[in-house]
Amino acid sequence: METRPRDIIYLDNNATTRVAPEVFEAMVPFLTEFYGNPSSVYTFGAQVGRAIDAARERVAALLGCDPAEIVFTGCGTESDNAAINSAIRTSGRQHIVTTRVEHSAITRHCAALERSGHPVTWLDVDPGGLLDMSAVERAIGPTTAIVSAMWANNETGVLFPIDEIADICRSKGVLFHTDAVQALGKAPVDLARANVDLASFSGHKFHAPKGVGILFVRKGTRFASHILGGGQEKGRRGGTENTASIVGLGRAAELAMEGLADRRARVCRLRDKLEDAILASIPGTRVNGDRQRRLPNTSNISFAHIEAESLLLELDRHGICASSGSACTTGSLEPSHVLTAMGLDSPAARASIRFSLSGYTTDAEIDRTAETLPALVAKLRAASPRRSLKLSPNRPPSLQF
Ligand SMILES: Cc1ncc(COP(=O)(O)O)c(C=O)c1O
């Protein structure tokens, strides 16, 4: 295994997060001593089953729901796919409403369903990345099986008004699913308040390990299982439970609840410090997405006349991890579907970088990133064929470049 550089600056927490030491500690006994099958009748198995029950209670406390409404899954993607498949099967209806800015766990699944004959309405967003509520209302018809809209966008951090969308769906008698993978631990998520029927979460976005997810299924919502096998998860998801990871998820849920408001304020201060420093010191920069209605940890910035991939490589040489919204599909770099849906043209979308912080991010890391960036951007612009363009910090660039 390669050694990890000690002084890495990790600003890609929307991609994944470090496993909290407390989470790792809670998991270890379930990888070593307590390896019984939770479904076994003898004590050695049953005590593992009790640990899963305790984790379910902790997750339910974080979400504001009943433990019986929690189904443990293998990842956020599985939860997203399962929610939509179940709605189609249980409602007997064909039409799906979703947005153009969802994660590929929704967009690719819905596109595949569309190809197999399911009508899909793809809701547009405005330049701030926000939805028009009257468009949501208009999109729902008598054949609509489900509306799926994300709680927080993974690329820009923009928050959709989940309560409002949920109320519209409830009033029209249509199921509502939210992909809340990026919201948990960063924004208040209270399922006791929001009329959400189904919701997806993923452990590795809030300091639990990779490969464990959550599907919330509100009591009274019909659910058709997507993995048939043993009777695990009350028959809602077959397969022997990922015990250690579920226990870790429970501990991560407890940690997420502790001091959420303080952590949000601290992370937000650091994010704003980085953003302000970049906007002030690097001409031709702009923040993408509504700056008020977004997660406190996320900043998506366009750097005019830069290829994001080149800047990411330069940052990597300095031990700084960030990411672009671009997805690498079959060898060609596609511009981000989120940014293009917000009206950025292809060069502007390709010039955008996402910085995403966590509770572990420090002032020193933000300072070093802010100090490092201007020279890297200047170097890349000097090498770019568009270098003749004059950019000043006081003259915001047109993003149609
Ligand atoms: C909004 C959103 N939904 C779903 C997922 C998929 O989660 P997982 O990696 O657990 O499958 C991600 C992961 O990046 C995400 O950001």
Side-chain angles (χ1 to χ4, degrees), residues 10-19 23 59 63 70-85 98-112 123 125 129 131 146-160 162 165 176-187 189 196 198-216 226-227 237 239 242 245-246 248-249 252-253 256 288-289 293-300 321-329 336-339 341-342 354-358:
Y10 187 73
L11 299 180
D12 201 14
N13 287 279
N14 286 9
T16 196
T17 59
R18 69 175 284 188
V19 171
V23 167
V59 169
L63 298 181
I70 301 289
V71 180
F72 290 121
T73 65
C75 55
T77 303
E78 181 189 325
S79 302
D80 281 346
N81 278 234
I84 290 181
N85 288 345
T98 189
T99 83
R100 293 203 182 277
V101 295
E102 300 295 309
H103 186 269
S104 52
I106 293 289
T107 56
R108 289 212 174 141
H109 184 45
C110 289
L123 297 169
V125 293
L131 280 177
I146 189 165
V147 174
S148 180
M150 67 204 316
W151 200 302
N153 188 274
N154 47 302
E155 293 190 25
T156 59
V158 169
L159 296 159
F160 282 159
I162 291 306
I165 305 173
F176 176 54
H177 165 255
T178 182
D179 174 341
V181 164
Q182 290 293 345
L184 201 57
K186 302 171 194 162
V189 170
V196 168
L198 298 145
S200 306
F201 307 91
S202 176
H204 73 108
K205 308 293 183 176
F206 66 105
H207 307 292
K210 296 161 187 62
V212 63
I214 301 161
L215 178 62
F216 161 80
H226 55 297
I227 300 184
R237 201 262 189 188
N242 183 355
S245 293
I246 290 172
L249 188 67
N288 296 315
R293 282 164 285 186
R294 64 176 168 156
L295 293 173
N297 80 317
T298 308
S299 178
N300 190 304
C321 308
S323 72
S324 70
S326 310
C328 194
T329 40
S336 150
H337 70 284
V338 174
L339 299 180
M342 288 162 56
R354 176 188 73 189
F355 300 96
S356 48
L357 286 59
S358 83

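Ligands are counted one by one from 1 in listed order, and the atoms in each one are counted from 1 as well.
Shown here are the side-chain hydrogen bond (donor to acceptor under 3.5 Å, both in side chains) partners of Ser202, two or more places apart in sequence or in another chain: there are none. Here His207 pairs with Tyr360 under the ring-ring contact (aromatic ring centres under 6.0 Å, His included) rule; sequence neighbours left out. For Ser79, the side-chain hydrogen bond (donor to acceptor under 3.5 Å, both in side chains) partners two or more places apart in sequence, or in a different chain, are Thr73.
Side-chain contact between Trp151 and Phe160 is absent, with no heavy atoms from C-beta onward closer than 4.5 Å. In this structure, the side chains of Glu78 and Leu215 stay at 4.5 Å or more apart for every pair of heavy atoms.
Considering every non-hydrogen atom in both Ser356 and Asn13, the closest pair reads OG-N, 2.8 Å.
Within 4.0 Å of ligand 1, protein heavy atoms come from Cys75, Gly76, Thr77, Asp80, His103, Met150, Asn154, Asp179, Val181, Gln182, Ser202, His204, Lys205.
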